[in-house]
Amino acid sequence: MEQEIERFLTYISNKNTGSSHTADAYRRDLSRFLVFLHEIELQEWNQVDKAVAKRYIAYLSGEQKTVLKSSTLNRNLSGLRSFFNYLVLNGKAAANPFNRIRAPRGAKMLPDFLLFEEIERLFNAIDTSTPEGKRDRAMLELMYASGLRVGETSQLKMQNVDLNQRILRIKGKGSKERIVPFYSYAGQLLKEYINQARPFLLDGLKSEFVFINHTHKALSPRGIQYLLDKYAMQSGLNKTVHPHMLRHSFATHLLDNGADLRIVQELLGHAHLSTTQIYTHVTVDRLKSAYLSAHPRAKDK
């Protein structure tokens, strides 16, 4: 059975100019399926029927320790359909058992966020004695203070920052503009960066963007991710920190502290309240977790 997988991968490689990531994904997904077949004691590809296919999707959907995301399930299905089309084409299977099988619709993934203590550790890992450090500290603080998307941060312009009123004019998704405030400490860091570090980074040049990289251009989303990776490692956080986690943390912490859901919706720039409501599930889950760990009758005996 392994030989057919290798022949299929060669076939895909010769037929397409797809990325190696696609080939690697096919290999991982088909190898996982092969392990499953061995576990249920099937030894031939032509033994796989629609019942086996449905059983495998159910297994991937929730009968293993790590539940796969809907996008991963759909990628698995797509790969398996392609593989069995190849087997049918080469007379190794009579029919494709994965045709017309769909992955179950999963619940919305709860957003990843940082606890306030983790935010503090992350920010304190930044050395603010350098111009770059002043930039990074002000930038990450502002992302957390105002719930900015990484693209909004990258494209933030000087004309859209009001240090006196402590507000930003943000053009978000769909070119919708919103006004978001930031607290005084974020304003202090931002003012220090703009007055002291930014001119040094520009080296006599001009730019309309607030956060500048070493080439005097706007700091890119990829550059922001690189900086977060660096500071997450330096802070000792045992997790991958992506820019959107600061936005998620902003929303979660506001709701945890009693902010109105519709106000948070407006601050985030969400078109629909249902998009913002996912953060209420995070706060409810935290309340339930605290309850179950603290109530004497709720503890496992």
Side-chain angles (χ1 to χ4, degrees), residues 1-113 150 221-222 225-226 228-229 232-233 237-245 248 274-275 278 281-282 285 289 300:
M1 297 176 82
E2 291 88 345
Q3 290 178 343
E4 291 302 333
I5 292 177
E6 292 303 323
R7 292 190 186 106
F8 170 71
L9 293 173
T10 301
Y11 166 77
I12 288 294
S13 177
N14 292 336
K15 183 179 178 182
N16 299 324
T17 58
S19 68
S20 60
H21 172 75
T22 303
D24 290 341
Y26 273 129
R27 185 182 297 279
R28 284 194 305 271
D29 296 344
L30 292 173
S31 296
R32 183 191 286 121
F33 183 52
L34 187 59
V35 169
F36 171 79
L37 294 181
H38 288 330
E39 287 178 356
I40 62 173
E41 299 182 347
L42 291 186
Q43 302 298 326
E44 300 291 339
W45 291 116
N46 59 17
Q47 293 177 295
V48 180
D49 57 16
K50 203 155 258 187
V52 172
K54 288 181 178 179
R55 184 175 169 185
Y56 181 60
I57 295 305
Y59 165 78
L60 289 180
S61 300
E63 294 180 5
Q64 54 177 10
K65 290 181 180 179
T66 303
V67 180
L68 300 182
K69 291 192 259 185
S70 294
S71 58
T72 307
L73 287 171
N74 283 316
R75 192 199 68 217
N76 270 265
L77 271 172
S78 176
L80 286 164
R81 286 192 199 101
S82 297
F83 177 60
F84 272 90
N85 282 338
Y86 167 82
L87 292 180
V88 170
L89 185 66
N90 288 275
K92 301 295 182 179
N96 190 334
F98 287 93
N99 281 341
R100 298 185 181 179
I101 288 184
R102 298 290 178 266
R105 293 185 67 181
K108 277 189 175 182
M109 296 293 292
L110 293 180
D112 292 329
F113 66 96
V150 65
R222 182 173 292 184
Q225 177 63 72
Y226 168 80
L228 268 176
D229 289 339
M233 182 178 295
L237 292 177
N238 284 326
K239 59 175 67 178
T240 300
V241 179
H242 52 81
H244 228 59
M245 285 176 76
H248 293 328
S274 59
T275 309
I278 192 169
H281 298 311
V282 175
D285 281 351
S289 177
D300 292 332

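Computed from a prediction, not measured in an experiment: that's the story for all the values here.
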Pairs under 3.5 angstrom only: tabulate donor-acceptor contacts from the side chains of residues 85-97 to other protein residues two or more places apart or in another chain.
from	atom 1	to	atom 2	distance (Å)
Asn85	OD1	Asn96	ND2	2.9
Asn85	ND2	Arg81	O	3.3
Asn90	ND2	Tyr86	O	2.8
Asn96	OD1	Phe98	N	3.0
Asn96	ND2	Arg81	O	3.0

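Contacts of Asp49 classified as side-chain hydrogen bond (donor to acceptor under 3.5 Å, both in side chains), with partners at least two apart in sequence or in another chain: none. The ring pair (Phe, Tyr, Trp, His ring centres under 6.0 Å) test applied to His244 returns His248, not counting sequence neighbours. For Glu6, the side-chain hydrogen bond (donor to acceptor under 3.5 Å, both in side chains) criterion is met by Arg27, not counting sequence neighbours. The side chain to side chain contact (heavy atoms under 4.5 Å, CB included) check on Gln225 picks up Leu228, Asp229, His242, Pro243, with sequence neighbours excluded.
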Item checked: From CA spacing to verdict: side chain to side chain contact (heavy atoms under 4.5 Å, CB included), Leu37, Val52 -> CA-CA 9 Å; Leu37 294 181; Val52 172; 4.0 Å; yes
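The shortest side-chain heavy-atom distance between Phe33 and Phe83 does not fall under the 4.5 Å cut-off. The side-chain heavy atoms of Asp29 and Leu80, taken from C-beta on, include no pair separated by under 4.5 Å.
Around atom NZ of Lys54, no more than 12 heavy atoms belonging to other residues, nucleotides or ligands sit under 6.0 Å away.
In this structure, Thr240 OG1 and Met233 CE are separated by 9.5 Å, a value rounded to the nearest 0.5 Å.
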